[in-house]
Amino acid sequence: MRIALFGAPGSGKGTQAAILQDRYSLRQLSTGNMLRAARDAGTRVGLAAKSYLEAGKLVPDDVVCGIAYDALSKCGFDNFVLDGFPRTIAQAEWLDLEMEGVGGGFRLVSLNVPHDAIIARLSKRRMHPVTGEVFHLEFNPPPEDLDTADLIQRKDDRPATIEQRLRIYDIQNATIRDHYADQGSLIEVDGVGSVQTVAGRIAASLSL
Ligand code: AMP
């Protein structure tokens, strides 16, 4: 199975991709996580991506396609759920070519969540600096023994940066969806609701 989850930052892509990974033995390939890991490790790719990541801007296509290629190769271009890729039409066209090369069908699941709900979600999102676990101060609070003061807010989850990321998403959104709708591989899912409700909708839409 070859899936990409597409949605605004904070639409729940990462959470839902992790569920698909666990339930259906797919490999979650999150370009955001890969780029952050590369930045933290100070690799060449990480250094190229750093300023874009922190400003909430899209990392150049050649850099992102490079890390996507490495990740897809490791899982034999099958049984994956891409999380946060493709995000531009150039990335979508690159992925189409790679998928054609392996003769594989591919579906894009678009998670639809209104902006006001996203801003509420992201501004209270916190991450554990060591484990990478993600919490929401209101909807998914950390366990009692974890001091919230130890959690960090991603630089790109600050309000001004969230707005910038949503603006970028809006620009790409229509183009990417049209591209996959024309191919007949777009699946639209309502992303508002509990994690389990949305997971159920995704599974139903993919006939899992
Ligand atoms: P995410 O964790 O998916 O919200 O991604 C966090 C950040 O990583 C984005 O704001 C971009 O700076 C960068 N990024 C992740 N995926 C991509 C992509 N497919 N194309 C360009 N930049 C990306």
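Atoms within each ligand, like the ligands themselves, are counted from 1 in listed order.
Looking at D83 next to ligand 1, no N or O pair under 3.5 Å apart turns up. Checked against a 3.5 angstrom limit, the closest N/O atoms of N33 and ligand 1 fall outside it. An N or O contact shorter than 3.5 Å is missing between D156 and ligand 1 by distance.
Taking every heavy atom of R36 and a limit of under 4.0 angstrom, the matching atoms of ligand 1 come to 2 (O), 6 (C). Taking every heavy atom of L53 and a limit of under 4.0 angstrom, the matching atoms of ligand 1 come to 7 (C), 8 (O), 12 (O), 13 (C). Those atoms of ligand 1 that come under 4.0 Å of a heavy atom in T31, given as number and element, are 15 (C), 16 (N), 17 (C), 19 (N). Near R165, with a cut-off below 4.0 Å to any heavy atom, the atoms of ligand 1 are 4 (O), 10 (O). Residue K57 has at least one heavy-atom neighbour below 4.0 Å for each of these atoms of ligand 1: 11 (C), 12 (O).
Judged by distance alone, the side chains of T148 and D150 never bring a donor and an acceptor atom under 3.5 Å apart.
The shortest side-chain heavy-atom distance between L58 and I168 falls under the 4.5 Å cut-off. Counting heavy atoms from C-beta outward, I67 and V45 have side chains that approach closer than 4.5 Å. Side-chain contact between E98 and L72: absent, with no pair of heavy atoms (C-beta onward) separated by less than 4.5 Å.
Both the backbone and the side chain of V59 come within contact range of ligand 1, each with a heavy atom under 4.0 Å. Contact annotation for R154 and ligand 1: only side-chain heavy atoms (C-beta onward) come within less than 4.0 Å of the ligand. The side chain of Q91, and not its backbone, has at least one atom closer than 4.0 Å to an atom of ligand 1 (non-hydrogen atoms only; side chain from C-beta on). Here V64 has side-chain heavy atoms under 4.0 Å from ligand 1, and that is the only part of it that gets that close.
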(Q) Between F77 and F106, is the ring-ring contact (aromatic ring centres under 6.0 Å, His included) condition met? List the steps. (A) CA-CA 11 Å; F77 288 87; F106 172 77; over 10 Å; no
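When the shell of 6.0 Å around OH of Y69 is examined, it contains 12 or fewer heavy atoms from other residues, nucleotides or ligands.
Closest of all the heavy-atom pairs between Q153 and D157 is NE2-O, 3.4 Å.
When L35, L122, T88, L5 are checked for heavy-atom proximity to atom 13 (C) of ligand 1, L35 turns out nearest.
Evaluated for a ring-ring contact (aromatic ring centres under 6.0 Å, His included) with F6, the options Y180, Y169, F85 yield exactly one hit, Y169.
Within the 3.5 Å criterion, the main-chain N or O of M1 finds a donor-acceptor partner in the side chain of N79.
Scanning the protein heavy atoms around atom 9 (C) of ligand 1, the nearest turns out to be R87 NH2, 3.6 Å.
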